[in-house]
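Step one of this worksheet: look at the structure below.
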Amino acid sequence: MSEWLPGWGKRPRRRVRSYWWPPTLFLRQLGSALYVAALTHWQELGYWVRTYGVQCLPGAAGSRGMGCIGFPAHPVWEMTAACNLHCIHCHASGGRPAPDELTTEEGKRLLDQLAGIRAFRMMAFTGGEPLVREDLFELLAYSQALGFTNTMATNATLIDDAVARRLRRLGLVIAAVSLDGFDAATHDYVRNQPGSFEAALRGMRALRRAGILLHINITAMEYNIDQLPRLMALIDELGAGILLMYQLVPVGRGRRIGRAALDLGANERLIRFMAEAQRTTRAIMEPVAGPQYWPFLLQRAGIRGGLRLRLAEAVFHGCSAGRGFIYIKPNGEVWPCPFIEVSCGNVREAPFARIYAEAPILKALRERERRLEGRCSECEYRRLCGGCRGRALAVSGSYLAEDPSCFIHRETGEPQG
């Protein structure tokens, strides 16, 4: 049952289409999971379908295929820069609230505008830490009343059973929690806060008890890459249904530790690890800032063209920046993704629909097959990969440049299977 309290204003009219309509969206989501299972020989597919598969459907609402940062067709609102932690790799440089963050009423107007985009079914709230924003529950309720499926990225340290149950009543179906180490020493170092590892574990268990699907985010970097095998066992123990494997992109506070970002060789090592770990891990794994995962799986299976490649392009989406996925900053600026620090416009100054349809950078990203530069422009996998546009921008200064960490084609031009 939804929660709507006095003082929250008039309940809005439902405007968002149901996540399960049309049925082709469900079929694409199912096709994504089945294709991953076939390419990785996933032994736990049956367990995942029975235990997590149905729960995953609302969180992938409106999906056109698996891509970077999960499924592409959804907006993410970084609703505050405030955070109770001070992570060394935070792309948002979270800590204190920004002085010009959208107010409660401005946030509701933003949600109204997002509800007008036909492809959007799921709304993701992030920060900073959303739970330190006093009007979070009111905004979740407003989003739920519009018909959005709610998801939230959180460090989980502020979540207990009561908070988790309230989040569930407000339509939260998935909670994405960051876990950056197998043990407290590593996680607490990255999070820059002693005790954050144990607090996060308590929060994750409370989320599961409340019936919220657990989605774990790992940011792979030199500090933790050797811990990944042990992390897989912990992820299964916690009951996570989804695992997003981020790579450190040197933006925000992460610029200070740019040396810890994975180079070309480490990117290949990580993606090979993901492909092998998927065989026995219960959660479904997806890359973030590593879209070479999809062409690697296809290449390893000997798929270089033809019908099987066309099928893969229908269910894998690669880099989703500006291509369905969109990111709104606390002050209303619209970015293609959290790693492309380029403003497409501000919702305080122009309607979101106009920004989304007309911003030049978004048009360029949607036409990337003919706009990409360097090796990415010539790659047969450019439609379902496209390289990480955020990493290209961070390294070269151009969001259309070739991805400097791509290992798919070596200098010899030969594929790496």
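- In this structure Arg256 satisfies the side chain to side chain contact (heavy atoms under 4.5 Å, CB included) test together with Arg253, sequence neighbours excluded.
- Taking the side chain as every heavy atom from C-beta outward, Trp48 and Cys56 approach each other to under 4.5 Å.
- Aromatic ring orientation, Phe120 versus Phe352: tilted (interplanar angle from 30° to 60°).
- The closest side-chain heavy-atom distance from Tyr293 to Leu297 is below 4.5 Å.
- The side chain to side chain donor-acceptor pair (under 3.5 Å) contacts involving residues 230-243 comprise Arg205-Glu237, where partners must be two or more places apart or lie in separate chains.
- Using modelled atom types, one finds a donor on one side chain and an acceptor on the other under 3.5 Å when comparing Thr104 with Asp135.
- Side chain to side chain, Glu78 and Thr126 fail the donor-acceptor criterion of an N or O pair below 3.5 Å.
- His215 pairs by the ring-ring contact (aromatic ring centres under 6.0 Å, His included) definition with nothing, not counting sequence neighbours.
- By the 6.0 Å contact criterion, CZ on Arg96 is open, its count of non-hydrogen atoms from other residues, nucleotides or ligands being 12 or less.
- In this structure, the side chain to side chain contact (heavy atoms under 4.5 Å, CB included) partners of Cys376, at least two apart in sequence or on a different chain, are Leu372, Arg389, Glu402, Asp403.
- Residues satisfying the side chain to side chain contact (heavy atoms under 4.5 Å, CB included) criterion with Val315, sequence neighbours excluded, are Ser32, Tyr35.
- For Thr154, the side chain to side chain donor-acceptor pair (under 3.5 Å) test picks out Glu129, with sequence neighbours left out.
- At least one side-chain heavy atom of Leu158 sits under 4.5 Å from a side-chain heavy atom of Asn84.
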side-chain hydrogen bond (donor to acceptor under 3.5 Å, both in side chains) between Asp180 and His89, intermediate numbers included: CA-CA 10 Å; Asp180 290 321; His89 64 323; 3.2 Å; yes
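- Remark: Glu369 does not engage Arg382 in a salt bridge, criterion side-chain N to carboxylate O under 4.0 Å.
- Residues Arg375 and Glu378 are not paired through a salt bridge, judged by the lack of any N-O separation under 4.0 Å between the basic side chain and the carboxylate.
- Ring geometry for His91 versus Tyr327: interplanar angle over 60°, hence perpendicular rather than tilted (30 to 60°).
- Between Glu333 and Trp335, the side chains place a donor N or O and an acceptor N or O closer than 3.5 Å (distance only, hydrogens not considered).
- Using the six-membered ring where Trp is involved, Phe125 and Trp77 have ring planes that are tilted, between 30° and 60° apart.
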